[in-house]
Amino acid sequence: MLSTTYEDTPVIRTDYSNPARWDEMCRVATTPNEEDCAAYVEFLEDRAYRDLTLDQVLDLVPDSFGHRMLIVADATTMSLTEFPLLCVDLETETYGRALRVIAAELHSIENNISIVNMDFIEFIDAAHSDGIFRGF
């Protein structure tokens with residue numbers, strides 16, 4: 001079970017195949033862009049999460065979870081150059097809907113979803129044909 005006390009949006013690590021890639025992804029995901037926007041995330045590293053599927057990750061989310069989304073760093077994230085993280089919608093009516101976003105653009109979705117400035121569907125609609133959001 002995930003905690004209900006995370007201040008920032010959790011990023012759950014499920015792939016432990018390459019520590020150097022993980023460190024690089026964390027750096028890219030949290031580096032402010034040219035407008036000084038950065039993702040406010042908390043990285044969760046627990047080998048109990050190793051190789052979990054999306055459904056298994058969702059089973060860890062308590063009913064009182066205080067975030068509108070969570071982020072998963074899985075094998076796909078770690079294997080592709082742009083680190084496409086899996087962002088998961090936790091809103092009741094769209095629970096479990098997911099979208100990949102490159103680490104360098106994580107701030108865009110994390111900031112806007114967290115402050116209820118935009119809806120998840122706006123990022124889905126702006127994703128490239130491969131289903132990955134790379135910015136507006």
Side-chain angles (χ1 to χ4, degrees):
M1 187 69 65
L2 294 173
S3 171
T4 59
T5 60
Y6 303 113
E7 185 171 323
D8 295 324
T9 304
V11 177
I12 300 171
R13 181 181 185 182
T14 64
D15 181 271
Y16 286 82
S17 63
N18 189 329
R21 292 275 302 155
W22 168 255
D23 292 343
E24 177 67 7
M25 186 281 300
C26 292
R27 185 192 65 73
V28 171
T30 58
T31 298
N33 69 1
E34 56 280 343
E35 296 159 355
D36 209 28
C37 294
Y40 295 95
V41 295
E42 184 171 341
F43 296 107
L44 306 182
E45 294 184 73
D46 184 333
R47 292 207 180 253
Y49 303 144
R50 182 185 202 127
D51 298 327
L52 292 183
T53 65
L54 177 55
D55 287 338
Q56 291 169 321
V57 169
L58 288 172
D59 286 343
L60 299 174
V61 179
D63 291 338
S64 58
F65 195 66
H67 295 277
R68 296 181 68 220
M69 70 177 221
L70 65 87
I71 304 157
V72 179
D74 60 7
T76 300
T77 303
M78 295 299 119
S79 67
L80 298 176
T81 305
E82 296 174 297
F83 301 111
L85 292 146
L86 188 64
C87 296
V88 185
D89 189 350
L90 299 180
E91 290 296 301
T92 303
E93 64 279 355
T94 53
Y95 190 84
R97 177 173 55 178
L99 167 72
R100 292 214 176 258
V101 59
I102 62 169
E105 284 294 326
L106 183 60
H107 68 278
S108 183
I109 191 169
E110 189 279 325
N111 293 179
N112 284 294
I113 295 297
S114 293
I115 64 169
V116 195
N117 187 50
M118 295 177 75
D119 291 322
F120 210 82
I121 192 68
E122 293 176 80
F123 292 93
I124 291 172
D125 289 346
H128 289 181
S129 60
D130 61 1
I132 300 173
F133 176 78
R134 292 182 173 85
F136 289 106

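Model, not experiment: these values are computed from the prediction. We use all heavy atoms of the structure for the numbers below, so side chains are in, but hydrogens, waters and symmetry mates are not.
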So do the side chains of M25 and L85 get within less than 4.5 Å of each other, counting heavy atoms only? yes

Examine Y49 together with Y16 and report whether their ring centres are nearer than 6.0 Å. no

So, are D51 and R47 salt-bridged, with charged N and O less than 4.0 Å apart? no

Practice task
Begin with the C-alpha distance, continue with both residues' side-chain angles, and end with the deciding distance and a verdict on side-chain contact (heavy atoms from CB on, under 4.5 Å) for D89 and Y95.
Solution key: CA-CA 6 Å; D89 189 350; Y95 190 84; over 6 Å; no

Heavy-atom nearest pair, T77 first then R21, reads O-NH2, 4.2 Å

Scanning both residues in full, the closest heavy-atom pair of C87 with I71 reads SG-CG1, 4.1 Å

*Between the side chain of E110 and the main-chain N/O of H107, is any donor-acceptor distance below 3.5 Å?*
no

For D36 and P32, the nearest pair of non-hydrogen atoms, with its separation, is OD1-CB, 3.5 Å

Within a strict 4.5 Å, meaning less than it, do heavy atoms of the Y40 and T9 side chains meet?
-> no

Of all heavy-atom pairs linking P19 and R13, the shortest is CA-NH2, 4.0 Å

Are L52 and L60 close enough that some pair of their side-chain heavy atoms sits under 4.5 Å apart? yes

Exercise. Would you call R134-E105 a salt bridge at under 4.0 Å N-O?
Worked result: no

To the nearest 0.5 Å, atom OG1 of T94 lies from atom CD1 of I121 at 8.5 Å

Quick one: do the T53 and Q56 side chains pair a donor with an acceptor below 3.5 Å?
yes

Q: Keeping the roles fixed (side chain from N111, backbone from A38), state whether a donor-acceptor pair exists under 3.5 Å.
A: yes

For G96 and V88 the tightest heavy-atom approach is CA-CG1, 3.9 Å

Practice item. Kindly assign one of parallel, tilted or perpendicular to the pair Y6 and H67, based on the angle between their ring planes and the thresholds 30° and 60°. Key: tilted

Quiz prompt | Student check: side-chain heavy atoms of F83 and I102 closer than 4.5 Å | solution = no

Residue set satisfying side chain to side chain donor-acceptor pair (under 3.5 Å) with D55, at least two apart, ordered chain then number -> none

Donor-acceptor pair, R100 side chain versus P84 backbone, under 3.5 Å?
-> yes

Look at the side-chain heavy atoms of Ile, Leu, Val, Met, Phe, Trp and Tyr, link any pair under 4.5 Å apart, and say whether V11 and L90 land in one connected group.
-> no

**Message:** Check whether R68 reaches the backbone of I113 with its side chain - one donor and one acceptor, N or O, closer than 3.5 Å.
**Reply:** yes

query = Counting N and O atoms only, with roles assigned by atom type, does the side chain of D15 sit under 3.5 Å from a partner on the main chain of S17, one being a donor and the other an acceptor?
reply = yes

- Message: Please verify the inter-ring angle class for F136 with F123; under 30° counts as parallel, over 60° as perpendicular, anything in between as tilted.
- Response: tilted

Inset, instruction - State plainly whether one hydrophobic cluster holds both I12 and M69, where clusters connect Ile, Leu, Val, Met, Phe, Trp and Tyr through side-chain heavy atoms under 4.5 angstrom apart. - result: no

Is the shortest side-chain heavy-atom distance between F133 and I124 below 4.5 Å?
no

For the pair E24 and R27, find out whether any cationic side-chain nitrogen is under 4.0 Å from an anionic carboxylate oxygen. yes

*Check the hydrophobic clustering (I, L, V, M, F, W, Y; side-chain heavy atoms under 4.5 Å; chains of links allowed) and say if W22 and L106 are grouped together.*
yes

Check your understanding: Shared ILVMFWY cluster between I109 and V41, side chains joined below 4.5 angstrom?
Key -> yes

query = Hey, is D74 close enough to R50 for a salt bridge, meaning N to O under 4.0 Å?
reply = no

Note: P62 and S3 closest approach over all heavy atoms is CG-O, 4.5 Å

>> Starting from L70, can I reach L86 by hopping between I/L/V/M/F/W/Y residues whose side chains sit under 4.5 Å apart?
In response: yes

